[in-house]
Amino acid sequence: MRIPALTIADAFGMVIADELPLRFTAYDGSSIGPDDAPFHFHLATERGLSYLVSSVDPDLALARAYVAGDLILEGAHPGDPYPMLVALKEGIKFRRPSPTDALMLVRTLGLSRFLPPPPPPQEAPGRVRRVIDGVRHSLGRDAEAISHHYDVSNRFYELVLGPSMTYTCAVYPTDDATLEEAQFEKYDLIARKLDLKPGQRLLDVGCGWGGMVRHAAREYGVKALGVTLSEEQAFWARQEIKRQRLDHLAEVRHLDYRLLEETGFDAISSIGLTEHIGIKNYPSYFGFLHDRLAPEGRLLNHCITRAHNRPTDTGAFIDRYVFPDGELTGSGTIVASIEDAGFEVQHHENIREHYARTLAGWCRNLAENWDECVAEVGENTARVWGLYMAGSRLSFERNEIQLHHVLATKTNGEGASGYPLRHRF
């Protein structure tokens, strides 16, 4: 029996369950979907086709083709493709082709199309390949993972994050607050939860560009030490500390927190680090922080969480392009680990919706500064960031992931915690 040839658009239509809500065109001149659709995908190259059909993970396949520039989007800015992602999530349902359809696809496209091309250079190796670089969450492998994401370009981060250089969830005090006002409020809320006072010592683990360190020193007169695995972050933070004349109180070191020897801190903030350390390492992580605190000292753990506590993979796109070796779990697991390390949990808060707003602000900055961002890091990397941030915004909005604050004290054997009868923040 002779099997008729298919166009690329025909092949695409065979794996779509319902009516297509967007326009799809391909380099062979074929098309599918309404002419007046708000979004248009154009498959521009044979390599892009191979990306799409050679991967068993649809998200990774689309990301590779899009990041490489082989899949071109029209109708949404690459710095903020959020509207397109909403349409994809709500309107496209894939189906598994029948054996006959699968045979038609292979004969039309050719077996060579199912051989995966080399991935874009922005993609980190898979987890199996990364084993060669060291045991997961070893000192060396963690340093490599952090460098992959954070040592991109300080200027790029300035353009995307804004003047605060804060790459963690902001807290919006009002509906009309700006991103900068919300980042100030986030740091100040953490300072109030930790009950910071002049003369105290604060340790900020995973300090990024030193935002919490500077805030604690400038606003509360605290002697603050931050540590980060990113050399670029540490360099920028030291320069900014000097510029603000805070070097008598604030310090940032390029250092793995596990190598820090000082103890007796009055407070510890962990803002966006727990996602990187590995769930199996929670006992040693929170045990380390407990050992570094003075009696009745406080810990504030700020991290992205899942809406449940079931083991869940981060997904190939996030693991390969954004946070290699990153892991998320529910806040219940984090609370249990903090308690098992000897802390007394005093307060637990979810600020999920604030992160959706934060990501919207970052995407807006990326779109508005697109040309300069592309000049700084290249168009492919800029596309990774737009896709990742817009997709994360959608996940926070739909309660697929959350952001939790857990406040705990190093309560002594007699039950003294230093915590008031009621919260004062």
Residues Ile334, His404; criterion side-chain contact (heavy atoms from CB on, under 4.5 Å); working and verdict: CA-CA 9 Å; Ile334 292 170; His404 277 88; over 6 Å; no
Pairs of donor and acceptor atoms involving the side chains of residues 413-425, under 3.5 Å and at least two apart or interchain, shall be tabulated with distances.
from, atom 1, to, atom 2, distance (Å)
Ser417, OG, Tyr419, N, 3.1
Tyr419, OH, His423, ND1, 2.5

Side chain Arg23, main chain Gly33, donor-acceptor under 3.5 Å: yes
Donor-acceptor contact below 3.5 Å, side chain His40 vs main chain Leu22: no
Polar side-chain atom of Arg393 near backbone of Gly361 as donor-acceptor pair, under 3.5 Å: no
Salt-bridge present (Arg306, Glu327; N to O < 4.0 Å): no
Intermediate values then yes/no, salt bridge (Lys or Arg N to Asp or Glu O under 4.0 Å), Glu261 and Arg253: CA-CA 13 Å; Glu261 297 181 352; Arg253 299 179 193 169; over 6 Å; no
Glu240, CD atom: more than 12 neighbouring heavy atoms under 6.0 Å: yes
Heavy-atom pair of closest approach, residues Ala182 and Pro173: CA-CD, 4.2 Å
Over-ring placement of Arg64 relative to Tyr51, 6.0 Å and 45° cut-offs: no
Donor-acceptor pair between Thr166 and Lys186 side chains, under 3.5 angstrom: no
Flag, side chain of Glu397 to backbone of Ala356, donor-acceptor distance under 3.5 Å: no
Heavy-atom check, side chain of Leu85 versus side chain of Phe39, under 4.5 Å: no
Donor-acceptor contact present, side-chain Asn309 to main-chain Thr333, <3.5 Å: yes
Step-by-step side-chain contact (heavy atoms from CB on, under 4.5 Å) determination, Val222 to Asp266: CA-CA 10 Å; Val222 168; Asp266 298 288; over 6 Å; no
Heavy-atom check, side chain of Ile32 versus side chain of Ile16, under 4.5 Å: no
Side chains of Leu194 and Ile190 in contact at under 4.5 Å (non-hydrogen atoms): yes
Side-chain heavy atoms of Asp340 within contact of Pro283, under 4.5 Å: no
Show which side-chain atoms of residues 363-370 pair as donor or acceptor with protein atoms under 3.5 Å away, not counting sequence neighbours.
from, atom 1, to, atom 2, distance (Å)
Asn365, ND2, Val160, O, 2.8
Asn369, ND2, Leu159, O, 3.4
Asn369, ND2, Asn365, O, 2.8

Gap separating the CG atom of Asn301 from the NE2 atom of His348, nearest 0.5 angstrom: 10.0 Å
Ion pair Glu349/Lys193, N-O distance below 4.0 Å: yes
Nearest-0.5 Å distance that lies between atom OG1 in Thr274 and atom CD1 in Ile338: 7.5 Å
Residue pair Asp57 / Ser55, side-chain donor-acceptor N/O under 3.5 Å: no
Under 3.5 Å donor-acceptor, Asp204 side chain and Leu225 backbone: no
Any Tyr66 side-chain heavy atom under 4.5 Å of Pro78 side chain: yes
Check: Gly264 main-chain N/O paired with Arg201 side-chain donor or acceptor under 3.5 Å: yes
Flag side-chain contact, heavy atom, 4.5 Å: Tyr355 against Ile304: yes
Donor-acceptor side-chain pairing of Ser164 and Gln183 below 3.5 angstrom: no
Mutual orientation of the aromatic rings belonging to His215 and Tyr220 [parallel < 30°, tilted 30-60°, perpendicular > 60°]: tilted
Non-hydrogen side-chain atoms of Phe184 and Glu219 separated by less than 4.5 Å: yes
Of all pairs that satisfy ring pair (Phe, Tyr, Trp, His ring centres under 6.0 Å), the ones with a partner from residues 287-312, not counting sequence neighbours: Tyr257-Phe288, His290-Phe343, His302-His405
Inter-residue atom distance Ile277.CD1 - Cys303.SG, 0.5 Å rounding: 8.5 Å
Check: Phe156 ring centroid to Trp236 ring centroid under 6.0 Å: no
Arg383 side chain to Val67 backbone, donor-acceptor under 3.5 Å: yes
Sidechain-backbone polar pair: Arg214 side chain, Ala250 backbone, donor-acceptor under 3.5 Å: no
Donor-acceptor side-chain pairing of Asp319 and Thr314 below 3.5 angstrom: no
Aromatic plane relationship, Tyr167 with Tyr388 - under 30° parallel, 30 to 60° tilted, over 60° perpendicular: perpendicular
Stepwise side-chain hydrogen bond (donor to acceptor under 3.5 Å, both in side chains) check, Ser270 with Tyr285: CA-CA 11 Å; Ser270 173; Tyr285 177 64; 2.5 Å; yes
Pair Phe396 and His354, ring centroids less than 6.0 Å apart: no
Any side-chain heavy-atom pair of Phe41 and Ile72 under 4.5 Å: no
Salt bridge present between Glu181 and Arg357 (N-O < 4.0 angstrom): no
From CA spacing to verdict: side-chain contact (heavy atoms from CB on, under 4.5 Å), Phe317, Leu62: CA-CA 9 Å; Phe317 171 68; Leu62 287 167; over 6 Å; no
Donor on one side chain, acceptor on other, Thr228 and Ser230, under 3.5 Å: no
Under 3.5 Å: donor-acceptor pair, side chain of Gln122, backbone of Tyr321: no
